[in-house]
Amino acid sequence: MKKNIPFIAIEGRSSGYYSLLALLGAFILASLGAFYYMEHHGHYVTGMDNQIVWGMPHVFAVFLIVAASGALNVASISSAFNKKAYKPLARLSGLLALALLAGGLMILVLDLGRPERLVIAMTYYNLKSIFAWNMLLYNGFFAIVIVYIWTMMQRNLGQYTRAAGIAAFIWRLALTTGTGSIFGFLVARQGYDAAIMAPMFILMSFSFGLAVFLLVLMASYSWTERPIGDAIFNRLKNLLGIFVASVLFIVAIYHLTNLYEAQHQGFEAFILLNGGIYTQMFWIGQVMIGGIIPLIIFYTPSLAKSRGLVGLGALLVIIGGLAQVYGIIIGGQAYPMTLFPGKEVIETTFADGAIASYTPTLAETLLGLGGVAVALFLVAFCVKIMNFLPASLADKDVDPHYKAS
Amino acid sequence: MTQPVNTNETKTDLYRRQFLGKTAAAAGFALAPGMLLTEIAHAKPADEAVSTKNRWGLLINTNKCASGCTACVTACQVENGWGEINKSEELSRASQKAVWIRKVKLKDKQTGHVQSLPLLCQHCEKPPCVDVCPTGASFKREDGIVLVDKHICIGCRYCMMACPYKARSFIHETIKNQKVHAPRGKGTVESCTMCAHRVDNDGIPACVEACNAEGHQAMYFGDLKDSNSVISKELAKNGGQQLRADLDLNTGVRYQGIK
Ligand code: SF4
Ligand code: SF4
């Protein structure tokens, strides 16, 4: 049997490391400032209003929460599906999942109209509400993943890792389904009225989560000068490619089925043809930047050779993912609900029948970025104080039989 | 003050009071001035309880609703202290200001027929806003009136996402000059209360009163469960449609004459 690769905490004394923490810290402070500003004055200082009630903070929060469950994929593949090659990455995968979820939830909480009442939300559940279920799912996710990481870190608990890994895998599917269902319950809004929302969110989570994972892995290994061999790198890259393609595929199905139903054609025309910013977000952001360009990079051998380009591809997947979530959340609200079929609203004081506009302010964008910074800060901090990262991911350590193709 | 009624709501209300009592005592929880007054908004005289015996509803005859008339809207603003009447919502942009009831004018795409009607919370029997609310702040009374308990609302706006009629508004800034029976708090959500405070004292909603006073008589208020009420008779005779009937929410507000 080949020897196990040791997990060693990063040294974390370099000025680069401290600059990274300082930079992330600055973003976190800025987001707390933004939070204070929004809560002190009230939400009138944001771009959100009574038409677009969920804005930029929710785009970031939903992205992070979706990515969180996807980041756990690598660990799931290793434990639940027993793929040895991914085993060294399982700890980081669990950590990243927790960190992303924490970042996403922070945004959601800080955007509440009355965040100081969170204790009410934590103690009084309306069990009919999918939102309340999500709170249970999020808390459970934290608990299960922490136990899972613990079984991996404690030598004598290793026998339980598989069980914990399977539990975490099932839980994460429930969690993403729950997140997708938040929109699935909003049947009155045309963009969300589709059963395909839940599986679409699951595939999105695979793709976004792995893209974030790959970037974090590349950054932490190159900054600590630890090797990542082609064996593991190409596996991750190819897997990401498959996920990106699956998202494109299910998005295509979503729109095609919508086009087929007469009452959704207006919404489809809005997203696909004449929705201005939302149409651009879809074709340029989601499809081109987040889908086609990364796929070209990942599957063109001459381009895929360059780690830098693959990293860029993963970054594009993230940008495209944000565009996709933006389209779902903001676009879904901007398109008016039909109250009076066959009628045109010619006068209203509440923008009935009109497409709503939304311009995010700096504060709400900073709040969203703050959630990202919290996630990355947690990762950077934890890999220093605990043994999350394998000392080496070089081919000879991970998979002695790997042959460069 | 609030009189216990033998329903689930009592438990919720009890919980609410206990919760507030405890947190206020233990943590020195500071409630905004006026916030404690919410209780009064669903106060009932001691001898009669809110009960499933009634279901309050509105019937709106769009043929009688006069184009350009906004008497119902103004009456609601005066009664509940929102809109033009309350100058403390000035920092909010137009699209951020609260709207409890609005007039819309419709034109039929085929016939060109123009008509106008008031749009407000439809007091759904199966209210999506209540289903999605994580805390239970959105609740339906036994008598069918859908309200927001501003003590419990955390301002997540999920109810606004779920309401098919855009009936709800989020408060984007601190509100002054609140009415005792209609407390309004920054960071919480609000909507038409069907003037629960009037209904509980055998009154009718301010909008209906104003419409009658104008001589239009386009709105009936009454008990949908009482087959002898004017509203029930009128519904039995001439019918009344639900907006977005396809959603099967069994709305308490019905419309006649949309064509
Ligand atoms: S109209 Fe909207 S706010 Fe009123 S009860 Fe129905 S879902 Fe709730
Ligand atoms: S905004 Fe308030 S009433 Fe609406 S769903 Fe959230 S907690 Fe419930």
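Letters A, B, ... mirror the listed sequences (proteins, then strands); counts begin at 1. Computed over heavy atoms, backbone and side chain alike; hydrogens, waters and symmetry mates excluded. What you see is a predicted model; the values in this text were computed from it and never measured.
Heavy atoms of other residues, nucleotides or ligands lying less than 6.0 angstrom from CD of B:E84 number 12 at most. For CH2 of B:W100, the number of neighbouring non-hydrogen atoms (other residues, nucleotides, ligands) closer than 6.0 Å is greater than 12. Residue-environment remark: CD (B:Q110) stays at or below the threshold of 12 foreign heavy atoms within 6.0 Å. Summarising the local packing, NZ of B:K64 is surrounded by more than 12 heavy atoms from other residues, nucleotides or ligands at distances under 6.0 Å. Within a 6.0 Å sphere centred on CZ of A:F142, other residues, nucleotides and ligands contribute more than 12 heavy atoms.
Only the side chain of B:Q115 comes within less than 4.5 Å of a heavy atom in chain A; its backbone stays farther off. For chain B, the nearby parts of A:E344 are the backbone and the side chain; heavy atoms of each come within less than 4.5 Å. If you measure heavy-atom distances from B:V73 to chain A, you find no contacts under 4.5 Å at all. Only the backbone of A:S181 comes within less than 4.5 Å of a heavy atom in chain B; its side chain stays farther off. With a 4.5 Å cut-off on non-hydrogen atoms, A:L127 does not touch chain B at all. Residue contact with chain B, scored on non-hydrogen atoms closer than 4.5 Å, involves the backbone and the side chain of A:D111 alike. Only the side chain of B:L247 comes within less than 4.5 Å of a heavy atom of chain A; its backbone N, CA, C and O stay farther away. Interface residue B:L117: only side-chain heavy atoms are found under 4.5 Å from chain A. In this structure, chain B has no heavy atom under 4.5 Å from any part of A:M38. Heavy atoms closer than 4.5 Å to chain A are found in both the backbone and the side chain of B:K107. Of the atoms belonging to B:A94, not a single heavy atom falls under 4.5 Å from chain A. Heavy-atom distances place the side chain of B:L119, and not its backbone, under 4.5 Å from chain A.
A side-chain donor-acceptor contact under 3.5 Å links B:K166 to the backbone of A:A351. In this structure, the side chain of B:E173 does not engage the main chain of A:H41 through any donor-acceptor pair within 3.5 Å. When atom types are taken as modelled, the side chain of A:R114 and the backbone of B:C153 share no donor-acceptor pair closer than 3.5 angstrom.
When the candidates B:V99, B:D131, B:T70 are compared by the number of heavy-atom contacts under 4.5 Å with chain A, B:D131 comes out ahead. Counting heavy-atom pairs closer than 4.5 Å to chain A, the top-ranked of the candidates B:T111, B:T174, B:L243 is B:L243. Between chain B and the residues A:I130, A:I182, A:L108, the largest count of heavy-atom pairs under 4.5 Å involves A:I182. Interface summary for chain B: among A:G342, A:G332, A:A132, the most heavy-atom pairs under 4.5 angstrom belong to A:G342. In terms of non-hydrogen atom pairs under 4.5 Å with chain A, the most contact-rich of B:S92, B:C133, B:A162 is B:C133.
The heavy-atom pair separating A:R189 from B:M161 by the smallest distance is NE-O, 2.9 Å. Of all heavy-atom pairs spanning B:R93 and A:T46, the tightest one is NH1-O, 3.0 Å. Closest approach of B:K186 to A:H40, counting heavy atoms only: NZ-O, 2.7 Å. Nearest heavy atom pair, residue B:S95 against residue A:D49, reads OG-OD2, 2.8 Å. When all heavy atoms are compared, the tightest approach of A:N50 to B:K97 is ND2-O, 3.0 Å. Of all heavy-atom pairs between A:M135 and B:P134, the closest is CE-CB, 3.7 Å.
We find the CZ-CE distance between B:R157 and A:M48 to be 5.0 Å, quoted to the nearest 0.5 Å. Atom CG of A:L112 is separated from atom CD1 of B:I154 by 5.0 Å, given to the nearest 0.5 angstrom. Between atom OG1 of residue B:T135 and atom CZ of residue A:R117 there is a gap of 9.0 Å, rounded to the nearest 0.5 Å. Taken from CD1 in A:I52 to CD in B:Q96, the straight-line distance is 12.0 Å, to the nearest 0.5 Å.
Checked options A:V345, A:D352, A:I346; the residue passing with B:K105 is A:I346 (criterion: side-chain contact (heavy atoms from CB on, under 4.5 Å)).
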**Q.** Stepwise side chain to side chain contact (heavy atoms under 4.5 Å, CB included) check, B:R168 with A:V53
**A.** CA-CA 10 Å; B:R168 296 199 154 182; A:V53 302; over 6 Å; no
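Residues A:F340 and B:V104 meet the side-chain proximity criterion, which asks for heavy atoms closer than 4.5 Å.
Between A:F131 and B:Y158, the ring planes are tilted. Angles from 30° to 60° get that label.
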